[in-house]
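Notes follow once the structure below has been shown.
Excluded from the calculations below are hydrogen atoms, water molecules and symmetry mates; all remaining heavy atoms, backbone and side chain alike, are included. Numbering of ligands and ligand atoms starts at 1, following listing order.
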Amino acid sequence: MPLARMLRQVAGQMLGSPACGCWMPAPPLRFLGTSPRQIPADASFHSASFSGTDQPRVLITGGLGQLGVGLANFLRKRFGKDSVILSDIRKPPDHIFHSGPFIYSDILDYKNLREIVVNNRITWLFHYSALLSAVGEANVSLARAVNITGLHNVLDVAAEHNLRLFVPSTIGAFGPTSPRNPTPDLCVQRPRTIYGVSKVHAELMGEYYHYRYGLDFRCLRYPGIISADSQPGGGTTDYAVQIFHDAIKSGKFECNLKPSTRLPMMYIDDCLRATLEVMEAPAESLSMRTYNVNAMSFTPEDLAQEVLKHIPEFQITYNVDSVRQAIADSWPMNFDDSNARKDWGWKHDFDLPELVTTMLNFYGSDTRIAQAN
Ligand SMILES: NC(=O)c1ccc[n+]([C@@H]2O[C@H](COP(=O)([O-])OP(=O)(O)OC[C@H]3O[C@@H](n4cnc5c(N)ncnc54)[C@H](O)[C@@H]3O)[C@@H](O)[C@H]2O)c1
Ligand SMILES: C[C@@H](O)[C@H](N)C(=O)O
């Protein structure tokens, strides 16, 4: 076969997209001889992939943050308590330690990660470890290590052991030159935070491993996530969680963003459901490997107005944090998630009124229980 034709065929296999119906997965990593990592000659590979009928065996990294514990509870209801291992570098509180398997895992320690995956026959990995936008700007070198070097370890382990890998991205993967209202899946991405840069890198590396090595990489760009029973870890959207806590506790809230700062947001139940839905979606329904998902968009002023409907004496004041404000001003105002809705049927349940009622009910009942004790 003429060389040019042969090269075209190989390139077609590597670069083709599943959407065009002509995609051929690259040969499994171990046969390529071009592993992203030096694999010991005596390494005994066994396929950790699962058939459609098997229950996945799940590892969650960075699981003690705002989202990980909720994800573990959600997945355990579906797959059984012992099928889902939560991991982190922090010590878990008693109630989390006793609620299901927990293990120490530092994503910067590649051998430790590989040992966990092998010993527990992991088939699905949810990679939640990260430094978020505001804390990332306060410690760029740590954010670079955790968000970029850590991701490389996770990608290699996942590729070597045929895992299905979920990595969350974020509205923070866009920047001031992206269209902001709305922001589509595919557009200019030039974020100005280390967090955003590391997430664009994660999207591109995951997709590269998918096309190059056949890694089953799936990624959702989450909006700001609002949860009642877990604290946010140092992001720009944290105000939208703290407001509920303070409204119930003191009837007052000091907001660190300007009243008109519009950002995409989502209640945690929708976020966890979207995550499981994209992981369970048939591969042929995914025309892309990284999707925007959204539920609502609001400003601090809109949120305060909705809280006022429940707590008429509520007062909001503003003391703007210039770092967070600059970040928020570069992020999408509205997120276009039409591809997720079209490809795998994404549909959110919570809009602003339901979100506020649910959050205030949670904190309200919590406060009433505390007062009664
Ligand atoms: N919460 C949101 O609003 C939101 C929005 C978009 C995307 N995301 C993404 O979802 C994921 C989870 O977010 P979150 O809000 O739970 O984050 P978080 O900051 O609350 O938690 C991150 C966890 O990572 C852990 N971690 C840090 N360094 C580690 C290391 N070396 N090894 C292992 N673990 C380490 C931390 O101990 C922490 O528990 C992140 O990737 C984040 O970028 C979150
Ligand atoms: C939006 C998201 O990635 C995170 N909550 C942050 O603000 O950094």
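- Remark: distances from the non-hydrogen atoms of Ser169 to ligand 1 include one below 4.0 Å.
- In this structure, Gly235 has no heavy atom closer than 4.0 Å to ligand 1.
- Both Ile316 and Phe298 are members of a single hydrophobic cluster when ILVMFWY side chains are connected at heavy-atom separations under 4.5 Å.
- For ligand 2, the atoms lying closer than 4.0 Å to a non-hydrogen atom of Thr170 are 1 (C), 2 (C), 3 (O).
- Ranking protein heavy atoms by distance to atom 5 (N) of ligand 2, first place goes to Thr237 OG1, 2.8 Å.
- With no hydrogens or angles considered, no side-chain donor-acceptor pair links Thr61 and Ser87 at under 3.5 Å.
- Judged purely by distance below 3.5 Å, without hydrogens or angles, the side chains of Asn112 and Tyr104 never pair a donor atom with an acceptor atom.
- Ligand-side atoms of ligand 1 in range of Asp106: 30 (C), 31 (N), 32 (N), range being under 4.0 angstrom from any heavy atom.
- For Ile107, heavy-atom contacts with ligand 1 shorter than 4.0 Å involve the backbone as well as the side chain.
- Between Glu313 and Lys252 there is no salt bridge, since no side-chain N of the basic residue sits under 4.0 Å from a carboxylate O of the acidic one.
- Closest non-hydrogen pair, Phe126 versus Leu75, comes out as CE1-CD1, 3.5 Å.
- With a 4.0 Å cut-off on non-hydrogen atoms, Gln66 touches ligand 1 through its backbone as well as its side chain.
- Under a hydrophobic-cluster definition in which Ile, Leu, Val, Met, Phe, Trp and Tyr are linked whenever side-chain heavy atoms come within less than 4.5 Å, directly or via other members, Ile194 and Tyr128 are assigned to different clusters.
- Under the 3.5 Å distance criterion, with hydrogens and angles disregarded, a donor-acceptor pair is assigned to the side chains of Asp343 and Tyr291.
- The closest side-chain donor-acceptor pair between Gln189 and Ser178, if any, does not fall under 3.5 angstrom.
- The closest protein non-hydrogen atom to atom 10 (O) of ligand 1 is Pro168 CG, 3.4 Å.
- Near Ser105, the atoms of ligand 1 lying under 4.0 angstrom from a non-hydrogen atom of the residue are 32 (N), 33 (C).
- The protein heavy atom nearest to atom 7 (O) of ligand 2 is Thr236 N, 2.6 Å.
- Side chain to side chain, Tyr222 and Thr275 meet the donor-acceptor criterion of an N or O pair below 3.5 Å.
- No donor-acceptor contact under 3.5 angstrom links the side chains of Asn361 and Thr358, judged on distance only.
- Between Tyr222 and ligand 2, no pair of N/O atoms sits closer than 3.5 Å.
- For atom 4 (C) of ligand 1, the closest heavy atom belonging to the protein is Ile225 CG1, 4.0 Å.
- Neither the backbone nor the side chain of Ser230 comes within 4.0 Å of ligand 1, counting heavy atoms alone.
- Interface atoms of ligand 2 facing Tyr195, defined by a heavy-atom separation under 4.0 Å, are 2 (C), 3 (O), 8 (O).
- By the criterion of a heavy-atom distance under 4.0 Å, neither the backbone nor the side chain of Pro232 is placed next to ligand 1.
- By the 3.5 Å distance cut-off applied to N or O atoms, Ser133 is counted among the residues near ligand 2.
- Contacts between Arg221 and ligand 1 below 4.0 angstrom, taking non-hydrogen atoms only, are absent altogether.
- Counting heavy atoms closer than 4.0 Å to ligand 2, residue Ile171 contributes side-chain atoms (C-beta onward) but none from N, CA, C or O.
- Heavy-atom separations between Trp331 and ligand 2 include at least one value shorter than 4.0 Å.
- Closest of all the heavy-atom pairs between Arg341 and Asn294 is NH2-O, 3.1 Å.
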